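Here is the structure we will look at.
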There are 2 protein chains.
Amino acid sequence: MEIEELSTEQKIKHVQDTLFVMSGKWELPVLIAINAGNIRFKDLQRSVPNITTKVLSKELKDLEINKLVVRTIYNTSPVSIEYRVSPYCKSLKPLVDEMIKWGYNHRIEISK
Amino acid sequence: MEIEELSTEQKIKHVQDTLFVMSGKWELPVLIAINAGNIRFKDLQRSVPNITTKVLSKELKDLEINKLVVRTIYNTSPVSIEYRVSPYCKSLKPLVDEMIKWGYNHRIEISK
DNA sequence: GATGCAAGTAACCTTAAGGATACCAGGATG
DNA sequence: CATCCTGGTATCCTTAAGGTTACTTGCATC
């Protein structure tokens, strides 16, 4: 895919697809927390400040639908459940890095 | 700024700053329309499908506050007003390109 | 046998983004 | 002089994201 060959309508559509997945309040904090090793539901709730069970539950489902997180059930007694970032999740790194850079520079730019 | 040296809290903060500017429904369509040469208010209203005057007005103010758009008043009779993307706006290109690429690939990934 | 924990679900509420519609002032145009 | 165009405001309404609080089931633990 060569970006320069896309029409502006196509560009907007692709950007909106990205925003649809990434633009909520909790997507990135949850992903980062899982990535940092918090793989159990209760661990995540404790490590992501102020998130509620309802919202965490919904975020995890959405992230699973988007193939960024894998949910695994273990037949322990009682059953335990683990959330892990998928290999595909690594594809987000260039994008997230750009977001970090731009956000960092933008705050400086605006304060001038 | 070296990304790897940032704490996860700092990374999240910078990403949220970026999302705060970019994550609405109309920011990018409006920027792209201005960039494509629609520089008058009414031209923009016509070239961005379904945007209302109220929302366009607000978007333009926000984009101006974020230094991405420059508003110029000309003492013609009657006064005419032009909106143009700022030089700083070009700093968005790497980010937007990453969003285009990821959105494009994500749709393919999800449909597998 | 009461209490606690994991992994959630259910029901209801608040707030902010965005949409719909109407309107306005000042000049231009027929 | 009536209507049109530009560049917007003002008011009210809808919807969706997220927040609050309570509850549940099945096991384990004291």
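Chain naming here is simple, since letters A, B, ... match the order of the sequence lines and numbering starts at 1 in each. As the structure is a prediction and not an experimental result, all values here were calculated from the model.
- Nearest-nucleotide positions on DNA chain C place P78(A) closer to the 5' end than the other of K58(A) and P78(A).
- One atom, NZ of K42(B), and another, P of dT9(D), lie 12 Å apart when rounded to the nearest Å.
- No hydrogens or angles considered: a donor-acceptor pair under 3.5 Å links the side chains of T76(B) and S80(B).
- Y74(A) places its OH atom 20 Å from the C1' atom of dC27(D), with the value rounded to the nearest Å.
- What separates CD1 of I51(A) from C1' of dG18(D) is a distance of 10 Å, to the nearest Å.
- Side-chain N/O atoms of D17(A) and H106(B) include no donor and acceptor closer than 3.5 Å.
- The nucleotide whose nearest atom lies closest to any side-chain atom of S57(B) is, among dG8(D), dG8(C), dG19(C), dG8(D).
- Side-chain N/O atoms of K25(A) and base N/O atoms of dG18(D) include no donor-acceptor pair closer than 3.5 Å.
- Distance, E27(B) CD to dG18(C) C1': 11 Å, rounded to whole Å.
- Contact check, S80(B) against dG7(D): no side-chain N or O comes under 4.0 Å of OP1 or OP2.
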| task | Verify salt bridge (charged side-chain N to carboxylate O under 4.0 Å, His left out) between E64(B) and K61(B), making sure each step is shown before the conclusion. | result | CA-CA 5 Å; E64(B) 204 190 348; K61(B) 279 176 190 162; over 6 Å; no
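- dT9(C) atom C1' lies 10 Å from atom CZ of F41(A), rounded to whole Å.
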| field | Check against salt bridge (charged side-chain N to carboxylate O under 4.0 Å, His left out), D62(A) and K58(A) | value | CA-CA 6 Å; D62(A) 289 350; K58(A) 190 202 169 249; 3.0 Å; yes
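- For K54(A) and dG8(C), a side-chain-to-base donor-acceptor distance below 3.5 Å is absent, hydrogens and geometry of angles not being considered.
- T52(A) comes within 4.0 angstrom of a base, heavy atoms only.
- For dC5(D), neither phosphate oxygen OP1 nor OP2 lies less than 4.0 angstrom from any side-chain nitrogen or oxygen of R46(B).
- In this structure, I81(A) atom CD1 and dT25(D) atom C1' are separated by 13 Å, rounded to whole Å.
- In terms of polar N and O atoms assigned as donor or acceptor, the side chain of T53(A) comes within less than 3.5 Å of the base of dT9(C) in a complementary pairing.
- OP1 or OP2 of dG8(C) lies within a sub-4.0 Å distance of a side-chain N or O belonging to R71(A).
- Rounded to whole Å, the distance from CD on E59(B) to P on dT9(D) is 14 Å.
- Distance OH (Y83(B)) to C1' (dG7(D)): 7 Å, rounded to an integer number of Å.
- Between F41(A) and Y83(A), the ring planes lie tilted relative to each other; the angle falls in the 30° to 60° range.
- For the OP1/OP2 pair of dA6(C) and a distance below 4.0 Å, the side-chain nitrogens and oxygens of R40(A) include no atom meeting the criterion.
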